Amino acid sequence: MAYLTRYHQIFEIDEEQCLMINTLTGAIDIIDSDTKKIIEKIKQHKYDEEKFEDKEVYLQLKARGYVYESEDEENKIISKAERICDELL
């Protein structure tokens, strides 16, 4: 089941577009209303990757760090970033 990162913000630009920011990865994207609906389904745990017809959107969200396979996968990314920061300091 897809997990939507808790490190995202969505800001409405107009009726058809939103600005989506991933504060964990630094990704910034303009999304359309259809993509926003998919994000809402993922957020509500009502999205099934295997049954969804627009898999390309899901794969893009995953590639940009908005979606993970699980919360644990996201936590591993956070732990890795923390280790890198600790090494730099």
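Small disclaimer: the values here were computed from a predicted structure and weren't measured.
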How long is the span from the NZ atom in K80 to the CG atom in N75, to the nearest 0.5 Å?
15.0 Å
With sequence neighbours excluded, tell me which residues meet salt bridge (charged side-chain N to carboxylate O under 4.0 Å, His left out) with D14.
none
Between L59 and M20, is there a shared hydrophobic cluster once you connect ILVMFWY residues whose side-chain heavy atoms come closer than 4.5 Å?
yes
Give, for atom CD of E56 and atom CG of L61, the distance between the pair rounded to the nearest 0.5 Å.
10.0 Å
If hydrophobic clusters are built from ILVMFWY residues whose side chains come within less than 4.5 Å, do I39 and I28 share one?
no
Residue pairs fulfilling side chain to side chain donor-acceptor pair (under 3.5 Å) with at least one residue in residues 25-36, sequence neighbours excluded:
N22-T25, D29-R64, D29-Y66, D32-T35
Is V57 reachable from V67 through a run of I, L, V, M, F, W or Y residues, each pair having side-chain heavy atoms under 4.5 Å apart?
yes
Roughly how far, to the nearest 0.5 Å, is CD1 of I77 from OH of Y68?
5.0 Å
Would you say that more than 12 heavy atoms from the other residues, nucleotides or ligands in this model lie under 6.0 Å from the CD of E16, or not?
no
Roughly how far, to the nearest 0.5 Å, is NE2 of H8 from CG of L24?
12.5 Å
Might you point out which heavy atoms bring A2 and Y58 nearest each other, and give the distance in Å?
CB-CE1, 3.6 Å
Of the options I31, I13, I30, which is the one that meets C18 in a side chain to side chain contact (heavy atoms under 4.5 Å, CB included)?
I31
I21 side chain near F11 side chain, heavy-atom distance below 4.5 Å:
yes
Only one of E40, E74, K43 passes side chain to side chain contact (heavy atoms under 4.5 Å, CB included) with L4, and that residue is K43
